[in-house]
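Below: one structure, written as structure tokens.
A note on names: the letters A, B, ... follow the listed sequences, proteins ahead of strands, and every chain is numbered from 1.
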Amino acid sequence: MRNRELASIFERIADALEFKGENVFKINAYRKVARVLSDMAEDIETVWKEKRLQSIPGIGEGIAKKIDEFLTTGKMKKYEEAMGGVPEDILSLMDVSSIGPKTLRIAYDKLGVRTREDFVKVLEDGSLASLQGMGEKKVQNIKKGLEIYERGHERISIGEAFPLVEEIISSLKKRFPTTRFTPCGSLRRMKETIGDIDITADSKEAKKVVDAFISMESVSEVLGAGETKASVLTPVGKRSLQVDLRVVPEDCYGSCIQYFTGSKAHNIHLRTLAMKKGLKISEYGVFKDEKKIAGRSEEMVYGTLGLPWIPPEIREDSGEIEAALEGALPELIGYSDIKGDLHIHSNYSDGASSIYEIAKKAKEFRYEYICITDHSQKARYAGGLSPSKLAERNKECERVEKEVGLRIFKGIELELTPEGPDYPEEILQELDLITLAIHQRKKDYDFTSDAISAFPYIHIFAHPTGRLISGREEYKIDLKTIFKEAARNNIILEINGYPDRLDLSDINSREAKKYGVKFSICSDAHNKDKLSQTRFGIGVARRGWVEKSDVINALPLEEFEKWLREGRKRDD
DNA sequence: GCCGTTTTCGGCCCGACTGTTTTCAGTCG
């Protein structure tokens, strides 16, 4: 998958051209294609091989040629040409908040700035501030931008961002009980990582809400505040996260949350559609000439364009608008469709909660069943269960099942071993459900055939790529082969809700669906309070266009048991 | 550089905030 690589090349070209003061629309064309590429579910190499490059919106003759050149030769003349004469440091400074191409251009031309050190120097010695159009405050803002950038500009996981936003909103709700607050942006779209948080509120007393927002306890710094909007920083661990609030009147709440939910690509596509109908969309509503014709609700905004409401998770301009126009939107798996969690660790292995506590909590979620999947014996580091300990745990499952009145399946998270199953056949027989997982790291070792060789004795393949969002790369595995074999052998692929995993990803899930793969969406909880993590997995699944009928643990108990008995019948 | 039921040329999403200005440019989302 070279989509991201190409996207960053086009992004860099855009940066360089912007610095050089090229035509703004040409620059935007490069930015657009970069965005399209990084959001695209399909592998650009496949599209290229099938000579369909120009069927992708944003790719015309010129950019198609450049992609062709890059995929053929590994180089792109335009890239080298654009980068020529632009110092690397200058380009990277463009990622800093408050520093734009115009500022850098002036510093480059008038003060001879070529490196980051040069730039810091002209900030400090006052020479930048003395230039026409610059000033002391501007310099202060740039310094602040640099500080924030250096403190770490990486995104935080949705698992960290979610509780934070819930806390902010509930504190504002206390003061403004009748005001609606909606978190928008990538959080509402359930992206796996969040760059910043956008909250929209409706109120007639905008200034009061803004004031309450910037004086919250959790605010470490106010970046800006006006009559209707404000930006603040709030600490998250060692870093800090930007939170933006906008307050609008009730009659444009819908268009406002629509606008700030994005994605940018989705909105641009919508506006183009509106333009063709002689309409204009902004965050304040849909307008025909000067007359406002919608804005109160998102449904009305989409309605004026002849579209049904589109779920936020798929607003990426990756085919959802076309599908909506054709009346062919998918029926996405819903947040309350999951009937049971099939990946939970108890305190028999490396979990923190007892099976009883987990079962009680699961009842609160209105689950009809759960499966306890402690680690198998080979996973010593995670308290892997010896055969006798496993037998003891199984008895505990049966006891709690009766006591709590919740169906509890006896499961295992089975380590992959090249020699075969981690337990003898008779022990596996005593289990209801077997989930395969790979936790080992062998450099350059391809796990594809090992995983497939385990398929005859497993039901589910958990976190199939092994990636950790915070850093660890996925292990080597050929996903296309896995998808094909999983579909053929009725092996369920897991969409793991653990925020640092979210594996399969949205892109991989959407790809897997094309092969006819079915999914289980689970929490991978290590204590009872983490059962709610499943919602992040559902978010990923929705982003991957996964439908309710694709999800095995959306089945009610009786049908799920039937599937366990019959659905898993093998050819052999 | 892309794109087309207004166009193969001439458009290209749009508004708030900030700071430096005295009517606006730059930056951001």
Side-chain angles (χ1 to χ4, degrees), chain A residues 10 13-14 17-19 21-36 53-67 78 82 93-107 128-142 144-145 148 184-187 195-200 206-207 210 214 222-232 242-248 252 255-287 305 317:
Chain A
F10 286 124
I13 291 179
L17 295 183
E18 196 165 19
F19 175 73
E22 269 270 9
N23 179 304
V24 180
F25 300 108
K26 193 188 279 190
I27 294 162
N28 282 342
Y30 282 114
R31 293 227 191 274
K32 180 179 177 176
V33 75
R35 214 167 44 227
V36 167
L53 283 177
Q54 290 197 55
S55 69
I56 292 169
I59 300 184
E61 201 186 333
I63 288 181
K65 266 193 194 144
K66 293 179 178 74
I67 294 177
K78 178 73 187 180
L93 281 167
M94 257 190 245
D95 297 336
V96 178
S97 173
S98 296
I99 304 179
K102 295 289 185 329
T103 307
L104 287 172
R105 187 78 235 184
I106 289 182
L128 187 69
S130 66
L131 291 180
Q132 176 80 352
M134 294 290 148
E136 196 44 48
K137 280 209 168 169
K138 221 168 208 177
V139 167
Q140 286 309 320
N141 283 338
I142 291 174
K144 201 186 280 176
I148 292 166
C184 300
S186 47
L187 189 87
D196 60 11
I197 290 169
D198 298 289
I199 300 172
T200 299
K207 189 76 172 82
V210 167
I214 60 176
V222 179
L223 297 173
E227 293 292 316
T228 63
K229 59 190 250 188
S231 294
V232 304
Q242 182 169 335
V243 186
D244 297 337
L245 173 78
R246 287 168 189 84
V247 191
V248 295
C252 52
S255 45
C256 196
I257 62 174
Q258 193 290 314
Y259 181 80
F260 288 109
T261 296
S263 66
K264 194 167 182 176
H266 175 87
N267 284 356
I268 289 175
H269 194 155
L270 276 193
R271 281 172 190 229
T272 315
L273 211 61
M275 231 163 43
K276 285 179 196 155
K277 288 178 180 285
L279 303 173
K280 195 186 80 171
I281 304 184
S282 76
E283 57 259 55
Y284 298 102
V286 184
F287 297 86
L305 300 175
D317 194 22

Using residues 272-284 of chain A as the side-chain source, report each donor-acceptor pair under 3.5 Å to any protein atom, sequence neighbours left out, with the distance given to one decimal.
unit_1	atom_1	unit_2	atom_2	d
A:Thr272	OG1	A:Ile268	O	2.6
A:Ser282	OG	A:Tyr284	N	3.0

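- Rounded to whole Å, atom C1' of B:dG29 lies 15 Å from atom CD1 of A:Ile199.
- Distance, A:Phe19 CZ to B:dT27 P: 12 Å, rounded to whole Å.
- Between the P atoms of B:dT21 and B:dG11, the separation comes to 33 Å (whole Å).
- Rounded to whole Å, the C1' atom of B:dC28 lies 14 Å from the corresponding atom of B:dC13.
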Exercise for review: May I have the step-by-step check of side chain to side chain contact (heavy atoms under 4.5 Å, CB included) for A:Met134 and A:Val139, ending in yes or no?
Suggested key: CA-CA 8 Å; A:Met134 294 290 148; A:Val139 167; 5.6 Å; no
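- Residue pairs meeting the salt bridge (Lys or Arg N to Asp or Glu O under 4.0 Å) criterion with at least one partner in residues 22-33 of chain A, sequence neighbours excluded, are A:Glu11-A:Arg31, A:Asp15-A:Arg31, A:Glu18-A:Arg31, A:Glu22-A:Lys26.
- With both ends at atom C1', the span from B:dC17 to B:dT7 equals 36 Å, rounded to whole Å.
- If you check every strand for non-hydrogen atoms under 4.0 Å, A:Lys66 touches sugar and phosphate atoms only.
- The pairing partner recorded for B:dG1 is B:dC12, the criterion being a Watson-Crick or G-U wobble arrangement whose two distances lie under 3.5 angstrom.
- Counting only residues at least two apart or in different chains, salt bridge (Lys or Arg N to Asp or Glu O under 4.0 Å) contacts with residues 53-66 of chain A comprise A:Glu61-A:Lys65.
- B:dG26 and B:dT20 have their C1' atoms separated by 11 Å, given to the nearest Å.
- Using atom C1' as the reference point in both B:dT8 and B:dC2, the two lie 12 Å apart (nearest Å).
- The nearest whole Å value for the distance from the CG atom in A:Asn23 to the C1' atom in B:dG1 is 8 Å.
- Between the CD1 atom of A:Ile99 and the P atom of B:dG29 there is a distance of 13 Å, rounded to whole Å.
- B:dC14 atom P lies 12 Å from atom CG of A:Asn267, rounded to whole Å.
- For A:Ile27 and B:dC13, the CD1 to P distance is 14 Å, given to the nearest whole Å.
- With sequence neighbours left out, A:Ser186 forms a side-chain hydrogen bond (donor to acceptor under 3.5 Å, both in side chains) with no residue at all.
- Annotation: side-chain hydrogen bond (donor to acceptor under 3.5 Å, both in side chains) contacts of A:His269 (sequence neighbours excluded): A:Asp317.
- If you check every strand for non-hydrogen atoms under 4.0 Å, A:Val248 touches nothing.
- Looking at residues two or more places apart in sequence or on another chain, you find no side-chain hydrogen bond (donor to acceptor under 3.5 Å, both in side chains) involving A:Lys137.
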Check your understanding: Once each nucleotide of nucleotides 16-24 of chain B is scored for protein heavy atoms under 4.0 Å, what B/S/- sequence comes out, 5' to 3'?
Key -> SSSSSS---
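- Salt bridge A:Asp244/A:Lys229: absent, no basic N to carboxylate O contact under 4.0 Å.
- Remark: P of B:dG26 and CG of A:Leu128 are 14 Å apart, rounded to the nearest angstrom.
- The distance between atom CD of A:Gln140 and atom P of B:dG26, rounded to the nearest whole Å, is 21 Å.
- Among the protein residues, A:Ser231 comes within range of no part of the nucleic acid, since none of its heavy atoms lies under 4.0 Å from any strand.
- For the C1' atoms, the distance linking B:dT6 with B:dC12 amounts to 15 Å, nearest Å.
- Here A:Tyr259 pairs with nothing under the ring pair (Phe, Tyr, Trp, His ring centres under 6.0 Å) rule; sequence neighbours left out.
- Position along DNA chain B of the nearest nucleotide to A:Ile281 versus A:Arg246 favours A:Ile281 as the more 5'-ward residue.
- Closest to the A:Arg271 side chain, of the nucleotides B:dG29, B:dC13, B:dT27, is B:dC13.
- The side chain of A:Ile268 has B:dC13 as its nearest neighbour among B:dG15, B:dC13, B:dT27.
- Across all their heavy atoms, A:Cys252 and A:Ser255 have their closest contact at O-OG, 3.1 Å.
- The minimum heavy-atom distance between A:Gly185 and A:Asp198, with the atom names listed, is CA-OD2, 3.9 Å.
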Which protein N or O atoms sit under 3.5 Å from an N or O of nucleotides 2-11 of chain B?
unit_1	atom_1	unit_2	atom_2	d
B:dC2	OP1	A:Gly60	N	2.7
B:dC2	OP1	A:Gly60	O	3.3
B:dC2	OP1	A:Ile63	N	2.9
B:dC2	OP2	A:Gly62	N	3.2
B:dC3	OP1	A:Gly58	N	2.8

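- Taking the C1' atom of each, B:dT18 and B:dT23 are spaced 15 Å apart, rounded to whole Å.
- Closest to the side chain of A:Lys280, from the set B:dC14, B:dC13, B:dT27, is B:dC14.
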